[in-house]
2 protein chains.
Amino acid sequence: MGKPHEERKEEIIKKTLELAAEEGVTRLTTQAIADRVGIAQSTIFKHFKTRDAIFSAAINWISGQIFRLLEETSRESTSPREQLQYLINRHLTLMSRHRGLPRLLFSDRLHLESPHLKKTVQQVMARYMTLVSDIIREGIEEDQFRNDVDPEETARCFVALLQGLILRWSIFDFSFPIEKEGEALWRFLWSSLAPHQEEDRDSL
Amino acid sequence: MGKPHEERKEEIIKKTLELAAEEGVTRLTTQAIADRVGIAQSTIFKHFKTRDAIFSAAINWISGQIFRLLEETSRESTSPREQLQYLINRHLTLMSRHRGLPRLLFSDRLHLESPHLKKTVQQVMARYMTLVSDIIREGIEEDQFRNDVDPEETARCFVALLQGLILRWSIFDFSFPIEKEGEALWRFLWSSLAPHQEEDRDSL
DNA sequence: ACGGTAAGTGATTAATTACTCACCCATATT
DNA sequence: AATATGGGTGAGTAATTAATCACTTACCGT
């Protein structure tokens, strides 16, 4: 009886994310997590020293997923335009598959309770924006994007668009398909990135 | 001794918002609020029946502020373009002046603890997007904006941009001047709304 | 067979926290 | 002068919850 340490650890993290999506971070007690996993409350502490360690592990898991996503994107040798589209789609799919992520990321418990976790989140965001601005700069050099946009500024807007969309989705209880909204987001982004002669083609 | 009911009520709400900005929603206990106001913890309950009633009042206050902002914007008889700029500036100034607002609005305690408050927030967002799409539609009709953008879609992106920016600002602990970022946001938005012949003028 | 280790449990504890209650006291009303 | 009222208080309560602990049980290598 009893699963091995690493396996149960993963299970606890996953169930924690599930619970965060359904009940919100406030209801995320060790008792609730234990119930969901199907073990006693005290058993939680065989695998995590403190409750915050669970959150920490969850955030690190999320960071890992997003870093993987970023690496895969930059490994793709497709055009800058397709890289951005790929990034939007994959990002939204990731959030769609694990709805607890936005709830956790947006909760203040993370940022204010432990400075270390806050730094992790900030680092992920910073690296994210760096990659996006690199892609945009490349697109400008290759004459695929207009040359009068500022790459850093546009990258910040890119991330803001994504986060804002996810936030609205979360506030409206995941009640609309977010992948579809991603397409609208891309259309909007493209209308600001596209060189002028190409626009007629894409406006329909 | 003792301020009149309505006055103290307002004071509690204001101090609650202050605390939310500094300490986060998690630390927002009745004790902390009472300390900040300078009264005993039990006195809080002379003015609010429950702790949630304080949150409720705070959210309603926020909603009021934003509704006022929206009404003022539509009352302005300036061009659609200036209306959008005005809305961005005023919105960011409001958030800048009361940093507790984003913390409260993004906290899950609001949406998940009480369905009523969630509805309030959703209604504000819905009305916000309606107004923005109206402005955009008007701008298209007056040939100030390109005619191949979808007003509703663009309005959703407008709100996402704002929310995303505020979220990043909140995650980075209000460490950069948000009004300045608002200008970048407008530049980005305008590059997607501007008719083509006008662009050369504004690109610098 | 045996001893060690790792996962699991129930009972308990200490701290936090929303909320109540009996009681004060100043001011306004009668 | 008597009294009612409203803002204020300190002490206390019940509930929640993270964390501990003594103990059990299953499994593994020797």
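Chain letters run A, B, ... following the sequence lines, proteins first and then strands; every chain starts at 1.
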Is the phosphate of [N] approached by [X] (side-chain N or O, under 4.0 Å from OP1 or OP2)?
{"X": "A:T43", "N": "C:dA7", "result": "no"}
{"X": "A:T30", "N": "D:dT17", "result": "no"}
{"X": "A:S42", "N": "C:dG10", "result": "no"}
{"X": "A:H47", "N": "C:dA6", "result": "no"}

Could you pick out which residue, B:G38 or A:Q31, lies toward the 5' side of DNA chain D when each is mapped onto its nearest nucleotide? B:G38
Rounded off to whole Å, could you give me the [atom1]-to-[atom2] distance for the [X] and [N] pair?
{"X": "B:F45", "N": "D:dA11", "atom1": "CZ", "atom2": "C1'", "answer": "15 Å"}
{"X": "B:R27", "N": "C:dA18", "atom1": "CZ", "atom2": "C1'", "answer": "18 Å"}
{"X": "B:I33", "N": "C:dA18", "atom1": "CD1", "atom2": "C1'", "answer": "11 Å"}
{"X": "A:F55", "N": "D:dA18", "atom1": "CZ", "atom2": "C1'", "answer": "11 Å"}
{"X": "B:Q41", "N": "D:dG7", "atom1": "CD", "atom2": "P", "answer": "18 Å"}
{"X": "A:D35", "N": "C:dG10", "atom1": "CG", "atom2": "P", "answer": "11 Å"}
{"X": "B:E7", "N": "D:dG6", "atom1": "CD", "atom2": "P", "answer": "17 Å"}
{"X": "B:K49", "N": "C:dC21", "atom1": "NZ", "atom2": "P", "answer": "10 Å"}

Between [options], which nucleotide gets closest to the side-chain atoms of [X]?
{"X": "B:R51", "options": "C:dC19, D:dT9, D:dA18", "answer": "C:dC19"}
{"X": "A:H5", "options": "C:dG8, C:dA7, D:dG7", "answer": "C:dA7"}
{"X": "B:K46", "options": "D:dA19, C:dA18, C:dA22", "answer": "C:dA22"}

Is it true that B:D173 and B:R103 have a side-chain N and a carboxylate O under 4.0 angstrom from each other?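 Looking at B:D173 and B:R103, the cut-off is met.
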Going by the salt bridge (Lys or Arg N to Asp or Glu O under 4.0 Å) test, name the single residue among A:E22, A:E23, A:E11 that passes it with A:R36.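 When A:E22, A:E23, A:E11 are each tested with A:R36, the salt bridge (Lys or Arg N to Asp or Glu O under 4.0 Å) holds only for A:E22.
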Among A:V37, A:V25, A:I54, which one satisfies side-chain contact (heavy atoms from CB on, under 4.5 Å) with A:T16? A:I54
For B:T29, report the nucleic acid contact type (base, sugar-phosphate, nothing); a contact means any heavy atom under 4.0 Å. sugar-phosphate
When the aromatic ring centroids of B:Y128 and B:H91 are compared, is their separation below 6.0 Å? yes
For the pair A:H5 and A:H47, name the ring-plane relationship: parallel under 30°, tilted 30 to 60°, perpendicular over 60°.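 Because their plane-to-plane angle is under 30°, the rings of A:H5 and A:H47 count as parallel.
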